[in-house]
Amino acid sequence: DIDGENGPMCMVPGTQLDRGFLRKELQPDLCQTQRLFPLPVGAVILRDVRTMHGGSPNLTENIRFLPALEFASQKFLQTARGREFIRKNSMPRNLFEKLRAPTQRRVHPKIVAEHDLRVKFSRC
């Protein structure tokens, strides 16, 4: 479960409507008042990719995993802000190759790494 101590996500409602670029870092006071918790194991957060968001500090000794699956329209990806959205070389090629062909066609080619990625987990 996600609670107030183990690093819940914070999101600032309405920021997806800002047409310009937003500041890169969340203000600490916003992060304290806009956190999403409690969330039970298996909960899903659906949000517009343009919404200002970030993680809050994990104050526990436990590692918290927040897997993400992101979608964006072609129209958005053609904007300056959308081009920043693409995380180049972020999907290991061996994972991509395990996807069914129809799913592979939906993955933006720039996110598939040319080589296998080494993933390292560490405490921030």
Side-chain angles (χ1 to χ4, degrees):
D1 291 348
I2 300 291
D3 60 32
E5 297 294 310
N6 62 1
M9 177 182 276
C10 51
M11 292 182 12
V12 183
T15 54
Q16 75 277 8
L17 304 174
D18 187 334
R19 297 237 182 246
F21 288 98
L22 298 168
R23 56 191 175 276
K24 294 286 183 188
E25 295 180 19
L26 288 172
Q27 298 296 324
D29 58 328
L30 282 177
C31 206
Q32 289 302 313
T33 61
Q34 304 295 329
R35 296 183 301 161
L36 298 175
F37 72 90
L39 292 175
V41 170
V44 176
I45 299 170
L46 297 176
R47 66 171 178 81
D48 189 308
V49 297
R50 300 168 295 174
T51 303
M52 186 186 300
H53 67 285
S56 60
N58 183 353
L59 305 175
T60 71
E61 293 296 318
N62 301 320
I63 294 175
R64 150 191 73 70
F65 294 98
L66 289 177
L69 181 60
E70 298 179 336
F71 298 88
S73 69
Q74 285 296 328
K75 184 176 179 181
F76 174 65
L77 293 176
Q78 292 170 357
T79 67
R81 194 169 174 190
R83 285 187 292 277
E84 282 192 5
F85 174 74
I86 298 170
R87 304 289 178 239
K88 295 180 177 116
N89 299 313
S90 60
M91 177 183 275
R93 175 153 298 281
N94 60 348
L95 177 61
F96 174 78
E97 290 171 353
K98 291 178 183 178
L99 299 174
R100 293 181 14 202
T103 305
Q104 286 181 350
R105 287 191 293 272
R106 295 184 180 277
V107 174
H108 195 286
K110 289 184 179 180
I111 73 164
V112 180
E114 289 302 314
H115 307 285
D116 284 342
L117 299 175
R118 290 194 161 193
V119 179
K120 179 181 175 186
F121 296 101
S122 63
R123 190 167 291 284
C124 297

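All heavy atoms count here, side chains included; hydrogens, waters and symmetry mates do not.
- In this structure, Ile45 CD1 and Thr51 OG1 are separated by 11.5 Å, a value rounded to the nearest 0.5 Å.
- In this structure a side-chain-to-backbone donor-acceptor pair under 3.5 Å is present from Asp3 to Asn6.
- The heavy-atom pair separating Met11 from Leu36 by the smallest distance is SD-CD1, 3.7 Å.
- Of the inter-residue distances, the one linking Glu5 atom CD with Glu61 atom CD reads 12.0 Å to the nearest 0.5 angstrom.
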Only pairs under 3.5 Å count here: list side-chain donor-acceptor contacts from residues 104-111, not counting sequence neighbours, and write none if there are none.
from: Gln104; atom 1: NE2; to: Phe96; atom 2: O; distance (Å): 2.9
from: Gln104; atom 1: NE2; to: Leu99; atom 2: O; distance (Å): 3.3
from: His108; atom 1: ND1; to: Lys110; atom 2: N; distance (Å): 3.2

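- The side-chain hydrogen bond (donor to acceptor under 3.5 Å, both in side chains) check on Asp48 picks up Arg50, with sequence neighbours excluded.
- Between Ser56 and Pro8, the closest heavy-atom pair is OG-O, 2.6 Å.
- Here the shortest heavy-atom pairing between Gly82 and Leu77 reads O-CD2, 3.7 Å.
- The side-chain contact (heavy atoms from CB on, under 4.5 Å) search around Pro40 returns Asp1, Ala43, not counting sequence neighbours.
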